[in-house]
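Order of appearance sets the numbers: ligands from 1, and atoms from 1 within every ligand.
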Amino acid sequence: MPHGTDARTPAGPPDPYPAFMTAPLPPFPMHVSVQEARTLLAALLPDRRTETLPLAQAAGRTLAGDLRALVSHPSATESALDGIAAREADTLGAAPHTPVRLHVTGESRAGVPFTGMVGAGECVRIYTGAPLPPGADAICPVEQLLDDGPDGVLLRRPASPGDVRHEGGDFRTGEVVMTAGLPLTAPRLALAAALGHPQVPVLAPLRVALLSTGDEVVPPGQPLTAGQVYDSNSVGLRAMLIEAGCEVIPLGHAPDSPEALQAAIDRAGGADVLLTSGGVSMGRYDFMRDLLIEQGRVSFWKVRMRPGGPAILGGWNGLPVFGLPGNPVSSLVVFHVIVRPALTGQPPQTLRLRAATPFRALPDKTAFWRASIQDGRVSDYGQQGSGILRSLSEAGALVIVPEGQPVAAGDDVDVILL
Ligand code: AMP
Ligand code: MG
């Protein structure tokens, strides 16, 4: 990784950042890749605590241990249909014009099995989930049956062994069916219940403190004066943190002053990580950057990506601090492609789609261009400025264009759904 001296290259226009530029810059990685940024952030996070939760409270959590089946499913060989259970061999010639007659000797209901034996020429009425009686090996569905007297049925089709569900066909007692690290989606929670678990071990949520910075930033709900902007980052980032399963410690907003920022950071006690937005770029008043570089420990500054390049990662008295850029699109995209994957251990989900328009490449940065999807094809949405939040909310997708590899219309590209 290149080490950090680019910001002080002597060539070019006069240096506009004297305070920052005169202090010697300690060596730390600069211009890291998106993947390196994720890895460096994940490395600073504390080991995850675990807790045990009833299934009803575990939706969206991450499983913290393997789950074995406490029972087999199905627990007995059973019918998949409503119909009759019989011996397949007795029914082989059955057809609509040559039905086969069987003698009905009883009934097997879900929870109330038939206790006898099904003999030659015999059958029992059976219902979905009811145990298959001994002797029977096949099912004929009720739609293919005609009644023939009080204890007879005519089969218009042979009984089929394919409509029998075998004991343990889904899972067997003792089998490890779910492994640690799985996000607990609705199907997986249902499976945990089917395995017999009333509660599951899960990762405790990470506690993430959230701070927005900037003299011009004000919460919505009060009038704006010229040059001010409503605080959209706190809202967007908080929603993304909650969606990522984190506990949010809202620190509100701090103005652009080193003292105010330090005081705000000190209020993050108890958090596992602090996320800030704003104040990490190349401006004179970008004090988050200065605080971390001059008094903290920096893991990296700047990521080879657009939007979102100026992000910084450091530590402050043992607290990991990830400084997101202030531009609203930058902060949300950096969260999506770096912070969320590091916090959850899950990389962003991508789709491979055909490009309907070209997408330009940047020589030294991965580009995440806003794009819209129509008929399975992806088009440049335009309006790619880092401050244009509206296009991020309307576009619905980001196309990933690797460094120096432009996309032509007709190429396949990796796409992140927003
Ligand atoms: P900065 O990264 O502090 O240089 O800010 C870059 C741009 O993002 C500026 O136009 C800021 O006004 C804007 N910005 C910073 N923080 C926020 C925020 N919390 N909500 C909306 N816009 C912001
Ligand atoms: Mg600012």
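Contacts of ligand 1 (protein heavy-atom distance under 4.0 Å) are S212, T213, E216, V217, V229, Y230, D231, S232, N233, S277, G278, G279, D286, G326, N327, P328.
Evaluated for a side-chain hydrogen bond (donor to acceptor under 3.5 Å, both in side chains) with S277, the options N233, T213, D231 yield exactly one hit, N233.
Annotation: side chain to side chain donor-acceptor pair (under 3.5 Å) contacts of Y381 (sequence neighbours excluded): E394.
Salt bridge status for E51 with R61: present, with a side-chain N to carboxylate O gap under 4.0 Å. Ion pair E403/R304 flagged as a salt bridge, since at least one NZ, NE, NH1 or NH2 atom sits closer than 4.0 Å to an Asp/Glu carboxylate oxygen.
Residue R48 places its CZ atom among more than 12 non-hydrogen atoms of other residues, nucleotides or ligands, all under 6.0 Å distant.
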Decide yes or no on salt bridge (Lys or Arg N to Asp or Glu O under 4.0 Å) for R352 and D414, but give the supporting numbers first. CA-CA 5 Å; R352 195 87 182 143; D414 287 325; 3.2 Å; yes
